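Heads up: the structure comes next, in structure tokens.
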Amino acid sequence: MTDILLLMFSVILIENFIFSRFLGCCPFLGVSEKPATALGMGFAVTFVMTLSSAVTYAVYHLILVPNKLEYFSTVVFILIIASLVQLIEMFMHKYIPALYSALGIYLPLITTNCAVLGAALINIRSKFSFIESVVFGFSAAIGFTLAIVIFAGVRERMAFADPPKAFRGLPIALVAAGLLAMAFSGFVGMSFS
């Protein structure tokens with residue numbers, strides 16, 4: 001149980017997919033103008049990343065490895081992720097249309113979100129068990145959600161600032177993202193031994 005908690009803490013704060021691994025930066029910058037939209041994207045990514053971690057683990061160990069087809073893992077994982085994104089997109093379109101339209105093009109882009117694929121591939125590379133894979137995927141998604149919601153709050157406050165003309169828009173957002181990454185890098189020196 002302690003190992004699972006340490007894995008969660010490590011993935012959420014120390015090895016945050018946005019600030020440490022630089023995975024998932026497209027939706028991080030694109031959907032982080034309002035905290036509500038960022039939270040919605042975080043929930044969508046959490047659902048897809050957690051479920052895809054479970055499904056890709058099962059497919060890899062029950063189908064690909066026994067048939068010696070491990071080299072197809074990336075293609076198979078992308079197909080699994082695309083299917084899960086389609087399911088969540090149909091659900092949101094029917095039951096949460098406001099969030100569906102607020103997320104816009106970034107919702108289908110979860111399919112190509114390198115954070116989701118990265119979680120599946122890291123699970124396999126790290127030789128995690130099924131439980132560890134699901135916990136890793138869930139924790140990575142929580143870390144992604146934490147990062148995007150914090151950044152959305154910062155961007156919302158920056159809307160009232162008056163930066164120099166050259167820094168308006170995306171440049172000041174990138175500076176703020178860099179400062180947040182530096183703040184999260186403070187967790188790197190922590191030791192759990």
Side-chain angles (χ1 to χ4, degrees), residues 1-32 38 40-93 100 103-148 181 184-185 187-188 192:
M1 183 64 177
T2 305
D3 293 339
I4 297 294
L5 290 174
L6 290 176
L7 177 66
M8 289 179 74
F9 183 76
S10 174
V11 174
I12 292 170
L13 295 176
I14 299 169
E15 297 175 19
N16 186 287
F17 268 39
I18 294 287
F19 298 132
S20 176
R21 296 181 187 260
F22 306 109
L23 296 173
C25 290
C26 179
F28 174 72
L29 292 170
V31 189
S32 60
M41 175 58 97
F43 285 149
V45 168
T46 300
F47 175 78
V48 171
M49 198 178 289
T50 305
L51 201 55
S52 70
S53 292
V55 173
T56 55
Y57 178 90
V59 168
Y60 183 80
H61 289 285
L62 298 176
I63 296 173
L64 298 179
V65 170
N67 294 309
K68 298 187 183 351
L69 298 172
E70 296 94 341
Y71 54 88
F72 279 123
S73 61
T74 303
V75 174
V76 171
F77 292 176
I78 290 172
L79 291 173
I80 291 168
I81 292 165
S83 302
L84 293 172
V85 170
Q86 277 303 120
L87 288 174
I88 197 166
E89 191 173 359
M90 290 186 303
F91 175 81
M92 289 178 106
H93 186 60
Y100 174 81
L103 292 176
I105 188 67
Y106 293 99
L107 186 58
L109 283 178
I110 294 175
T111 301
T112 58
N113 186 340
C114 56
V116 179
L117 180 60
L121 293 173
I122 290 169
N123 283 335
I124 299 305
R125 186 190 71 207
S126 300
K127 296 183 170 119
F128 287 144
S129 67
F130 178 76
I131 298 297
E132 289 171 330
S133 292
V134 173
V135 167
F136 181 85
F138 176 74
S139 300
I142 294 299
F144 175 87
T145 304
L146 177 69
I148 197 170
F184 268 72
S185 72
F187 292 111
V188 172
F192 299 110

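Bear in mind that the values here come from a model prediction, so they are computed numbers and not experimental data. In this chain, numbering begins with 1 at the start of the sequence shown.
Ile122 is listed as a side-chain neighbour of Arg21, based on a closest heavy-atom distance under 4.5 Å. Residues Phe136 and Ser126 are not in side-chain contact: their nearest non-hydrogen atoms beyond the backbone lie 4.5 Å or more apart.
The two residues Phe47 and Ile88 have their closest heavy-atom pair at CD2-CD1, 3.6 Å. Looking at every heavy atom in both residues, Thr56 comes nearest to Ala120 through OG1-CB, 3.6 Å. Across all their heavy atoms, Met92 and Tyr100 have their closest contact at O-CB, 3.8 Å. When all heavy atoms of Ser32 and Ala38 are compared, the closest pair comes out as CA-CB, 4.4 Å. Considering every non-hydrogen atom in both Ser53 and Ser133, the closest pair reads CB-O, 3.5 Å. The shortest non-hydrogen separation linking Ala54 to Phe130 is O-CE1, 3.6 Å.
Ring-centre distance between Phe28 and Phe17: not below the 6.0 Å cut-off.
Sorted by first and then second residue, the pairs that involve residues 61-83 and meet ring pair (Phe, Tyr, Trp, His ring centres under 6.0 Å), not counting sequence neighbours, are Tyr57-His61.
Ser139 OG to Glu15 CD: the interatomic distance, rounded to the nearest 0.5 Å, is 11.0 Å. If you take CG on Leu117 and CD1 on Ile81, they are separated by 5.0 Å, rounding to the nearest 0.5 Å. Note: Ser129 OG to Asn123 CG = 9.5 Å, rounded to the nearest 0.5 Å. With rounding to the nearest 0.5 angstrom, the OG1 atom of Thr46 is 12.0 Å from the CG atom of Leu51. To the nearest 0.5 angstrom, Leu84 atom CG is 11.0 Å from Leu79 atom CG. For the atom pair OG of Ser10 and CG of Asp3, the computed distance is 11.5 Å after rounding to the nearest 0.5 Å.
A donor-acceptor contact shorter than 3.5 Å links the side chain of Ser52 to the backbone of Met49.
Annotation: Phe128, atom CZ; neighbour count of heavy atoms from other residues, nucleotides and ligands within 6.0 Å is above 12. Around the CD1 atom of Ile131, the shell of radius 6.0 Å holds no more than 12 heavy atoms that belong to other residues, nucleotides or ligands.
None of Thr74, Val76, Val75 except one satisfies the side chain to side chain contact (heavy atoms under 4.5 Å, CB included) rule with Ile78; the exception is Thr74.
Qualifying side chain to side chain contact (heavy atoms under 4.5 Å, CB included) partners for Leu146, counting only residues two or more places apart in sequence or in other chains: Ile12, Leu13, Ile150, Phe184.
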